[in-house]
Student: 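I'd like to ask you about the structure that follows.
One-based numbering, in listed order, for ligands and for the atoms of each.
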Amino acid sequence: MSVETTASTSETATPVRTAHHRHYLMCAPSHFTVNYSINPWMEPSKPTDTARAVEQWQKLHDLYVELGHEVELIEPLAGFPDMVYTANGGFLIDGRAYAPKFRFVERQGEAPAFADWFRAAGYDTVIPEEVNEGEGDFLLVGDVILAGTGFRSTGDSHREVGEVFGREVVSLTLVDPRFYHLDTAIAVLDPVQGIENGGPERANIAYLPGAFDDASRAILEERFPEAILVSDEDGSVFGLNSASDGYNVIISPRATGFEKQLRERGYNPIMIDLSELLLGGGGIKCCTLELRGRS
Ligand code: ARG
């Protein structure tokens, strides 16, 4: 770690963070329930409460608006209880939308709805050949795409996403079935395009080391020497499934250790409880898709 010192003091200053405007796509959980299981969190025998899911989701939505972000909505489709997790609905950079191709048949009907929405909103929309679950498995950090595989998106989709956006893709392999999407194991703390890790301005991440195989962990250590390493305790309450604007980081109230780590680094953690949506195996980030327009 590099510590900057000034002539007058030897204290290590907490970095000053800047909130950046975000543009998000969300989907109200009006049809939310758990009536199938495609990840270890989903137990169809456990009761769910749709009204409560909507209430919790609304708080997240309203918080984004309060923070000055722009939130757009896609109409929820009956029969697709997982559509609330819009992060899986695509991956967008520079006004181009790479549509999803869901691994499980239960979610496949969502894909055309997302593609239609992107087209109608004016995004150059690319229909994929390879299985991929959008921003659930693709995270833009600076100029590099971190791409997850092991449970949902395939390695072939990593090649495809690289071709679609003409950017470097770093493949990472997930090994713990509880953390089946990359956004359950990595949080992008500085979601600003074009800033380099290691440069004067840094794009940093937080991650759960135990969610990755050894080779992927080595890549993360090398690329992000200053990353926040999150404990298993905080990881297993979906602490990493969070949304940051560069200053405000929306996290689960159960991730108390992560909250402290964020404060120490000058971020402003804000707690939003999505316990009902965790029954479907999703959290804050899962409910949030970043719409990156033409820059
Ligand atoms: N039930 C959904 C599924 O298994 C949850 C998706 C969570 N989304 C995410 N971006 N991690 O597909």
Side-chain angles (χ1 to χ4, degrees), residues 24-46 48 50 53 56-57 60 74 76-77 79-92 98-111 113-114 131-140 145-154 157 161 172 174 176-188 191 205-208 211-212 230 235-244 250-252 255 272 274-291:
Y24 292 141
L25 180 65
M26 298 181 75
C27 179
S30 322
H31 305 291
F32 178 73
T33 186
V34 176
N35 55 14
Y36 55 81
S37 178
I38 56 173
N39 70 55
W41 305 84
M42 300 174 84
E43 296 179 44
S45 58
K46 267 198 196 166
T48 51
T50 306
Q56 293 182 340
W57 174 91
L60 177 64
I74 181 170
L77 292 178
F80 293 96
D82 276 342
M83 198 168 163
V84 57
Y85 307 114
T86 51
N88 301 122
F91 184 56
L92 296 89
Y98 177 55
K101 182 166 171 179
F102 287 91
R103 171 159 306 262
F104 295 109
V105 67
E106 288 88 343
R107 296 198 66 182
Q108 284 166 5
E110 296 176 39
F114 280 107
V131 168
N132 84 85
E133 299 199 348
E135 211 165 51
D137 276 324
F138 301 131
L139 299 172
L140 185 68
I145 298 170
L146 302 184
T149 189
F151 297 100
R152 299 292 181 90
S153 303
T154 59
S157 76
V161 78
L172 301 167
L174 297 161
D176 183 332
R178 289 174 304 160
F179 309 109
Y180 56 93
H181 277 139
L182 192 62
D183 71 358
T184 67
I186 292 184
V188 182
I205 62 169
Y207 67 95
L208 176 64
F212 296 94
V230 166
S236 54
V237 292
F238 257 43
L240 283 160
N241 199 252
S242 56
S244 174
I250 324 300
I251 65 168
S252 157
I272 289 279
L274 292 188
S275 58
E276 198 59 33
L277 292 159
L278 189 56
L279 299 173
I284 292 159
K285 177 66 193 77
C286 301
C287 296
T288 312
L289 174 65
E290 181 119 21
L291 300 169

Student: Quickly, which of Ile38, Asn39, Leu277 forms a side chain to side chain contact (heavy atoms under 4.5 Å, CB included) with Asp82? Name it, please.
Tutor: Ile38
Student: Closest heavy-atom contact between Ile250 and Ile272?
Tutor: CG2-CG1, 3.6 Å
Student: Considering residues at least two apart in sequence or located in another chain, which fulfil the salt bridge (charged side-chain N to carboxylate O under 4.0 Å, His left out) criterion with Glu135?
Tutor: Lys285, Arg292
Student: List, ordered by chain and residue number, the protein residues whose closest non-hydrogen atom lies under 4.0 Å from any atom of ligand 1.
Tutor: Ile38, Asn39, Met42, Asp82, Tyr85, Ala87, Asn88, Arg107, Gly136, Arg152, Tyr180, His181, Asp183, Thr184, Gly280, Gly281, Cys286
Student: What residue among Tyr207, Phe212, Phe138 forms side chain to side chain contact (heavy atoms under 4.5 Å, CB included) with Leu182?
Tutor: Phe212
Student: Assess whether side-chain hydrogen bond (donor to acceptor under 3.5 Å, both in side chains) is satisfied between Asp137 and Ser153, documenting all intermediate values.
Tutor: CA-CA 7 Å; Asp137 276 324; Ser153 303; 2.7 Å; yes
Student: Compare every heavy atom of Leu60 with every heavy atom of Cys287, then report the nearest pair and how far apart it is.
Tutor: CB-CD2, 4.2 Å
